[in-house]
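Just so you know, these numbers use all the heavy atoms, side chains as well, and skip hydrogens, waters and symmetry mates. Position 1 is the first residue of the sequence, and the numbers go up from there.
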Amino acid sequence: MNSKNNINADGQANDGSRSERKSFKERLKETRTTRWIRFGVVAALYTGWVIWMQSPIWLLGLILLFDIYITGYIPFTWWKHSKSKTTRAVMSWVDAIVYALVLVYFVFNFVGQNYQIPSSSLEKTLLTGDYLWVNKVTYGPRVPMTPIHFPLVHNTLPVVNTKSYLDWPSAEYRRLKGLRNVESGDIVVFNFPAGDTVSTKLENSAEYYDLLVKHYGWKEVNTNKDMFGDIVYRPVDRRTNFVKRAVGLPGERIKIKGDTIYINGKKQAVPENAQFLYFALMNRPLDEEQCHELGIALADVQMIPSNRPEFQYTVDAMPGTDKNGSYLYQLPMTQQMIDRLRSERQLVSCLRWDGSAQEYYLFPSGIADAEQWTLADYGGVDGLLIPRKGMTIELTPRNWLIYQRCIRNYEGHPDAALKNGKVYIDGKPAETYTFAMDYYFMMGDNRHMSQDSRFWGFVPEDHVVGTPVFVLVSFDPERSIFNGGLRWNRILRDANPDK
């Protein structure tokens, strides 16, 4: 018996050795036709991707693919020959998961990805709770700057609350060829420009790091971990995702007067779904069901009690002489909402907010505050010139206030500074500066309730992710799934009907 067992064991070992000693020609001859077909399809797709990447070195990956599908020198499927059922079962799941993650990695980085709308800044075009499919091919996909990252989360792994990416290795900004550039009116997903330095406890709040420093001071923000957590740096492609409308393009001059946008002095049409903040006097109260039908988030509705001084002050400022209303609200509305409330004889009068009372600082600091810019009247007399790649500006003290963040934070000159009225870049005095990237001015359609370029400035081209194509699914965060929480009418809806 022992002799027989040894012979069997030796026989198995010898069979394995013979398999390993198979010649290249033998391996090719034994490969099934279906394997050749699968290899051909995968190799064609991979070669197309390499051509798109314009990096011939990646063609070496065809050698690995050839071995995986044809020759099998590397024993990737060793577990299929294991005697252990447990090993085969576990490894089959591992194999499937790894394959799926690799596929997801390539699709999410080079084709498109789903994103959620977390706030009401683009209402009524996009709603809080919308899940969007964002096309990355239109503007050209951005080659990952942090290539080693977990593909199903953005910058933080849930539960363990650690980074979902490695800082090294990293890559310089590069974008593959797309179908077109960003156009005026496009809705764009981009990484938050002011999100380079973040407070881990407040990363997803409206108070970004620069504002925290202005409100609490640098020392408090960087030492009080109980309140602010750790202060960390995020690479460009790991910064929080925002979605806004591109209203100003590279090289254009933007100005806002009376809530109307002017580009190079030309008046721009207001998107049909744009909404503004109003004081609305009504003769009966708004209820939750009405807000739901109108599409107004309850969190955005504020009732002003009649015993407060501002009640009568606001009513007196409203147009019209017959103001027999007892209910004063501050809420965002489109013109269609106003017309409906008037037709139902509920709205007595309304007054659009002038955008003057600011909780946060407007961009650029030092100019907007000194010249009393508001959300409704922004840009001063001449407006803001949006940087364009190759455009040269004179480095005056005023221009420094406008473009210092572009020069220091986005274009790699962190030591640039204004000293005694003179700008120094890389330690040398400079009278002019030529921009290395294109920039955009982004705004939300919820014009008075959107944190956008009016607060934190221009969006660099290397922060652009893609453009939403359609709404995958939409959930109303104020309703349960069994009580109208699923917005059936928004499934597969165009994400930018105004374009």
Side-chain angles (χ1 to χ4, degrees), residues 116-132 205-206 243-245 259 270-308 310-311 314-315 318-320 323-355 357 359 375-376 443-452 471 473-491 493 495 497-498:
Q116 179 191 4
I117 298 293
S119 70
S120 61
S121 66
L122 264 170
E123 291 189 352
K124 293 282 135 331
T125 306
L126 297 175
L127 306 182
T128 304
D130 281 353
Y131 286 79
L132 311 174
S205 74
V243 57
K244 308 288 179 186
R245 190 182 296 276
D259 282 317
V270 179
E272 182 181 354
N273 290 312
Q275 60 183 19
F276 300 92
L277 197 61
Y278 286 88
F279 293 101
L281 183 65
M282 302 193 188
N283 54 30
R284 57 183 185 273
L286 277 173
D287 57 36
E288 182 177 338
E289 189 60 34
Q290 264 189 303
C291 291
H292 179 71
E293 290 178 4
L294 290 168
I296 304 174
L298 293 176
D300 292 340
V301 179
Q302 178 185 352
M303 184 176 181
I304 302 175
S306 58
N307 60 355
R308 284 173 52 175
E310 57 265 38
F311 179 94
T314 304
V315 171
M318 286 182 170
K323 302 174 185 176
N324 296 319
S326 303
Y327 304 94
L328 182 63
Y329 294 90
Q330 186 181 41
L331 73 168
M333 293 190 294
T334 63
Q335 187 58 48
Q336 292 88 339
M337 295 178 193
I338 294 173
D339 293 341
R340 175 176 170 177
L341 288 169
R342 279 178 174 160
S343 68
E344 295 174 352
R345 300 185 181 278
Q346 182 173 0
L347 180 64
V348 176
S349 183
C350 64
L351 177 68
R352 185 185 290 187
W353 180 54
D354 63 5
E359 182 180 355
L375 293 179
M443 286 177 58
D445 288 353
N446 196 352
R447 292 291 173 82
H448 291 160
M449 302 186 72
S450 169
Q451 187 187 90
D452 51 38
V471 179
V473 68
S474 182
F475 297 97
D476 188 338
E478 296 178 344
R479 296 204 163 201
S480 70
I481 193 69
F482 303 106
N483 184 33
L486 177 59
R487 302 183 181 114
W488 292 97
N489 64 327
R490 294 193 63 77
I491 295 177
R493 184 170 176 172
D498 289 322

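Of all non-hydrogen atoms in Cys291 and Leu298, the two that sit nearest each other are CB-CD2, 3.8 Å. Annotation for Pro332 and Asp300: closest pair CD-O, 3.4 Å, computed over non-hydrogen atoms.
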Problem - side chain to side chain contact (heavy atoms under 4.5 Å, CB included) between Lys244 and Ser450, worked out - result: CA-CA 9 Å; Lys244 308 288 179 186; Ser450 169; 3.2 Å; yes
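Residues Ile338 and Leu347 form a side-chain contact, since some pair of their non-hydrogen atoms from C-beta on lies under 4.5 Å apart. In this structure the side chain of Met333 never reaches within 4.5 angstrom of the side chain of Phe276, judged on heavy atoms.
There is no side-chain donor-acceptor pair under 3.5 Å between Gln275 and Gln335.
A salt bridge does not link Arg487 with Glu478: none of the charged nitrogens is closer than 4.0 Å to a carboxylate oxygen. The residues Asp259 and Arg447 are annotated as not salt-bridged, no charged nitrogen and carboxylate oxygen being separated by less than 4.0 angstrom.
A donor-acceptor contact shorter than 3.5 Å links the side chain of Asp130 to the backbone of Leu127. Here the side chain of Lys323 pairs no donor or acceptor atom with the backbone of Val348 at under 3.5 angstrom.
Taking OG of Ser306 as the reference point, atom CG of Leu281 lies at 11.0 Å (rounded to 0.5 Å). Distance check: Tyr329 OH to Ile304 CD1 gives 11.0 Å after rounding to the nearest 0.5 Å.
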